[in-house]
Novice: 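Could you have a look at this structure, given as structure tokens, before my questions?
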Amino acid sequence: FTYEDGRIFTGKWVDDLREGPGQMSWPDGSMFEGEYQHGLPNGHGTLTHADQSSYCGEWVDGKQSGQGTFKYSDGKSEYTGAWRNGEYHGYGQLSEYTGEICDKYVGHFANGTKEGKQRLFSPPPPLLLLLLLLSPTPSWRLCNIVLLTFLVLRSLFRPHYHPPNI
């Protein structure tokens, strides 16, 4: 079925409402593929935007709700976790890239905002690593190598945070 605005729906209709598995595409190249109930996305589905950002996960009444993953258009940054009414809500993990540097937040979100207990991980900037390795004396260099080793090992073996049962 083709809408006046150029959207195209392929799937089943029941009482003039989209029902069951279906696919909706927009003129800009965006596409939703998944389950429909009462005319809206409900259940599991994937929405891919024209800029190639995408959400794959659970839907309730046409909004991202439940567990899902949003991948940003940069191809590296992503959020995985709980959603409510189309926003990050509950326990989740957000990895945001700036160039090759990744800042990772693990914790709780409320209405799309970081809140509560959290863990924020940022690797040392490359300039800091360079300064650590180019220390003026062997004793400073050894101390800085130990510190750098600690930072690397801490990032590899950090304890996992488990959300409380709700």
Side-chain angles (χ1 to χ4, degrees), residues 2-3 5-11 18 20-37 39-133 147-163:
T2 303
Y3 292 85
D5 62 6
R7 291 177 296 154
I8 299 172
F9 175 74
T10 305
R18 299 178 297 255
Q23 181 180 336
M24 176 78 76
S25 59
W26 285 261
D28 70 356
S30 298
M31 182 183 352
F32 173 81
E33 188 167 3
E35 294 291 320
Y36 285 87
Q37 186 177 20
L40 297 171
N42 276 288
H44 188 79
T46 300
L47 174 63
T48 304
H49 297 279
D51 67 1
Q52 296 307 301
S53 61
S54 65
Y55 170 81
C56 181
E58 299 172 35
W59 294 78
V60 175
D61 296 332
K63 294 183 180 178
Q64 298 98 324
S65 289
Q67 293 296 308
T69 297
F70 180 80
K71 294 186 178 190
Y72 289 78
S73 59
D74 66 11
K76 296 186 278 185
S77 301
E78 74 175 36
Y79 169 80
T80 299
W83 292 74
R84 186 173 76 184
N85 293 322
E87 296 183 314
Y88 308 160
H89 192 87
Y91 178 76
Q93 177 176 309
L94 177 63
S95 300
E96 296 177 294
Y97 279 82
T98 305
E100 294 302 314
I101 304 293
C102 176
D103 289 326
K104 185 181 288 188
Y105 169 89
V106 179
H108 287 272
F109 291 80
N111 303 315
T113 304
K114 301 169 191 170
E115 77 157 18
K117 278 194 158 193
Q118 62 193 22
R119 302 270 321 249
L120 183 62
F121 307 100
S122 291
L127 182 59
L128 176 61
L129 296 176
L130 183 62
L131 290 174
L132 288 173
L133 295 175
L147 176 60
L148 180 58
T149 303
F150 168 76
L151 291 172
V152 169
L153 290 174
R154 183 185 72 170
S155 70
L156 293 175
F157 299 106
R158 60 184 164 269
H160 296 297
Y161 173 73
H162 297 284

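What you see below is based on every heavy atom in this structure, not just the backbone, and it leaves out hydrogens, waters and symmetry mates. Note that the numbering runs from 1 along the sequence shown for the chain.
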Novice: Could you pull out the closest heavy-atom pair between Ser53 and Ser73, with the gap in Å?
Specialist: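 Shortest heavy-atom contact: CB-N, 3.7 Å.
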Novice: Kindly state each residue pair satisfying side chain to side chain donor-acceptor pair (under 3.5 Å) with at least one member in residues 58-71, sequence neighbours excluded.
Specialist: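 Output for this query lists Thr69-Thr80.
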Novice: As a quick check of understanding, evaluate side chain to side chain contact (heavy atoms under 4.5 Å, CB included) for Thr46 and Met31, giving each step before the final call.
Specialist: CA-CA 8 Å; Thr46 300; Met31 182 183 352; over 6 Å; no
Novice: For Gly112 and Glu87, work out which heavy atoms get closest and say how close.
Specialist: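 Nearest pair, atom of Gly112 first, then Glu87: N-CB, 3.8 Å.
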Novice: Please give me the minimum heavy-atom distance between Phe109 and Tyr79, naming the atom from each residue.
Specialist: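 Reported closest heavy-atom pair: CE1-CE1, 3.5 Å.
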Novice: Do the side chain of Tyr105 and the main chain of His108 share a donor and acceptor less than 3.5 angstrom apart?
Specialist: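 Yes, because the side chain of Tyr105 sits within donor-acceptor range (under 3.5 Å) of the backbone of His108.
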Novice: According to the side chain to side chain donor-acceptor pair (under 3.5 Å) rule, which pairs have a member within residues 28-37, sequence neighbours left out?
Specialist: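 Matches after skipping sequence neighbours: Asp28-Ser30.
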Novice: Give, for atom CZ of Phe32 and atom CG of Leu47, the distance between the pair rounded to the nearest 0.5 Å.
Specialist: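 Rounded to the nearest 0.5 Å, the CZ-CG separation comes to 7.5 Å.
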Novice: Can you tell me how far OG of Ser25 sits from CZ of Arg7, rounded to the nearest 0.5 angstrom?
Specialist: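 It comes to 10.0 Å.
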Novice: Roughly how far, to the nearest 0.5 Å, is the OH atom of Tyr72 from the CG atom of Leu94?
Specialist: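 The distance works out to 5.0 Å.
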Novice: Is Lys76 paired with Asp74 through a side-chain N to carboxylate O contact shorter than 4.0 Å?
Specialist: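 Looking at Lys76 together with Asp74, the answer is no, because their closest N to O distance does not fall below 4.0 Å.
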Novice: Could you state the interatomic distance from CD (Glu78) to OH (Tyr55), rounded to the nearest 0.5 Å?
Specialist: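 The distance works out to 13.0 Å.
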Novice: List the atom of Pro27, the atom of Asp5, and the distance in Å for their closest heavy-atom pair.
Specialist: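 Heavy atoms only, the tightest pair is CG-O, 3.4 Å.
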